[in-house]
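One structure is given below, encoded as structure tokens.
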Number of protein chains: 2
Amino acid sequence: MAVDAKSILKSKNLRITNCRLEVVQHFIDNQSGAFCQRELETLSEAYDRVTIYRTLISLLNAGIVHKIPNETGVANYALSHVYEDSEKHFDQHIHFKCEQCGKIECLEDHKVPEVAIPTGYKLSKVNLIVDGVCLQCGK
Amino acid sequence: MAVDAKSILKSKNLRITNCRLEVVQHFIDNQSGAFCQRELETLSEAYDRVTIYRTLISLLNAGIVHKIPNETGVANYALSHVYEDSEKHFDQHIHFKCEQCGKIECLEDHKVPEVAIPTGYKLSKVNLIVDGVCLQCGK
DNA sequence: ATCGTTTTTGCAATCTGATTGCATGTTTAG
DNA sequence: CTAAACATGCAATCAGATTGCAAAAACGAT
């Protein structure tokens, strides 16, 4: 049940640095929210954008965050919840993108349904992205 | 049942140009295959990359092709089949990406299952991307 | 706490794909 | 066939991603 940034980094044998702590903390503070590199850069003036870039690579490799594909070509990242609850498999949930506010979030509690693929094909990962209007914007 | 490039362009009120014809023809010749701009550029030396770029924008706006999101940030495009069979809704099929050959294809005959989203959310589009190994590479 | 090793960071530079402005060429309706 | 509308090529720019390298920070062992 690692819910603080430091424990998360430690559990993955990543060195504890201020930048990593702040980035992970931001993900924790915005549970289920996804952010692109640029958004993370503006969080704090303290870090170079290359540092944020490399921080995201580290977090990605460690499985702390996952990457969410989208049509714009700008990568988005969200916290993976594997370490919180092993039943939740980090890349098998739905990603939701609001057409109005543009926010991308992970719908952790909404599983990806069974997907049928043609005979002879092997499935290894499913990525389900839903576009629509979120609760806030739909009011 | 428009199966030739010219009819497709005409049906969408797009002007008939050589570049558009060649690009659409390539999509027709490679049914269900997805291509990035770069791949389309190398098809023919005849066109500037900006022309291919703008051709794709035109085809996209006309609904002749659709864009497939991926993690790399390089946009991929595939033919939409709306005009062939109105029962097939162009963005509701599965996109498959082979981890070995890298090829992206549309699984036209494999529909996206029903997706449940939280109460209060509105769904407008579903994009399902499956990573795995394709028939060819799996042999 | 300090040392030495290993890793991370900042900066500058580069790369690649996406995008725009403008002058010229092509398409199409009449 | 002509004029208006639109598409193309070229050059230039932009933005995000990525790398090299030297300086700084983290960490295990003393």
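Throughout, protein chains are lettered first and strands after them, A, B, ... in sequence-line order, and every chain is numbered starting at 1. As the structure is a computational prediction, the values presented were derived from the model and not from experiment.
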- side chain to side chain donor-acceptor pair (under 3.5 Å) between Asn18(A) and Glu22(A), worked out: CA-CA 6 Å; Asn18(A) 291 334; Glu22(A) 283 197 42; over 6 Å; no
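Taking the six-membered ring where tryptophan is involved, the planes of Tyr121(A) and Phe96(B) are perpendicular, since the angle between them exceeds 60° and thus also 30°. By the 30° and 60° cut-offs, the orientation of the rings of His93(B) relative to His66(B) is perpendicular.
The phosphate of dA26(D) has neither OP1 nor OP2 within less than 4.0 Å of any side-chain N or O from Thr17(A). Applying the 4.0 Å criterion to OP1 and OP2 of dA7(D), one finds that Thr55(B) has every side-chain N and O outside that range.
Judged by distance alone with a 3.5 Å cut-off, a donor-acceptor contact links the side chain of Arg15(A) to the base of dT6(C).
Residue Glu71(A) contributes atom CD, which lies 18 Å from atom P of dG16(D) at whole-angstrom precision. Between Asn76(B) atom CG and dG17(C) atom P the separation is 12 Å, expressed in whole Å. Spacing between atom CG of Leu59(A) and atom P of dT9(C) amounts to 10 Å, rounded to whole angstrom units. Rounded to a whole Å, the CG atom of Asn70(B) is 14 Å from the C1' atom of dA17(D). Computed from coordinates, the Leu9(A) CG to dC27(D) C1' distance equals 14 Å when rounded to whole Å. Put simply, CD on Glu41(B) is 8 Å from P on dG17(C), counting in whole angstrom units. Atom CG of Leu21(A) and atom P of dT8(C) are 13 Å apart (whole Å). Across the protein-nucleic acid pair, Tyr47(B) atom OH and dG25(C) atom C1' stand 14 Å apart, rounded to whole Å.
Comparing Val74(B) and Ile52(A) by the nucleotide of DNA chain C that holds the closest heavy atom to each, the one mapping nearer the 5' end is Ile52(A).
The shortest non-hydrogen separation linking Ile94(A) to Lys111(A) is CD1-O, 3.9 Å.
Counting only distance, with no hydrogens or angles, the side chain of Gln37(A) and the backbone of Ile52(A) share no donor-acceptor pair below 3.5 Å.
Salt bridge status for Lys125(A) with Glu71(B): present, with a side-chain N to carboxylate O gap under 4.0 Å.
Listed by chain and number, the hydrophobic cluster partners of Tyr53(A) are Ile57(A), where partners are ILVMFWY side chains within reach of under 4.5 Å, directly or through others.
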Produce the list of close N/O pairs, under 3.5 Å, pairing protein atoms with atoms of nucleotides 18-20 of chain D; give distances to one decimal.
unit_1, atom_1, unit_2, atom_2, d
dT18(D), OP2, Tyr53(A), OH, 2.9
dT18(D), O5', Tyr53(A), OH, 2.8
dG20(D), O6, Arg54(A), NH2, 3.0

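With dA17(D), dG9(D), dT28(C) as the choices, the nucleotide that has an atom nearest any side-chain atom of Ile16(B) turns out to be dT28(C).
At the heavy-atom level, Cys36(B) lies nowhere under 4.0 Å from the strands shown.
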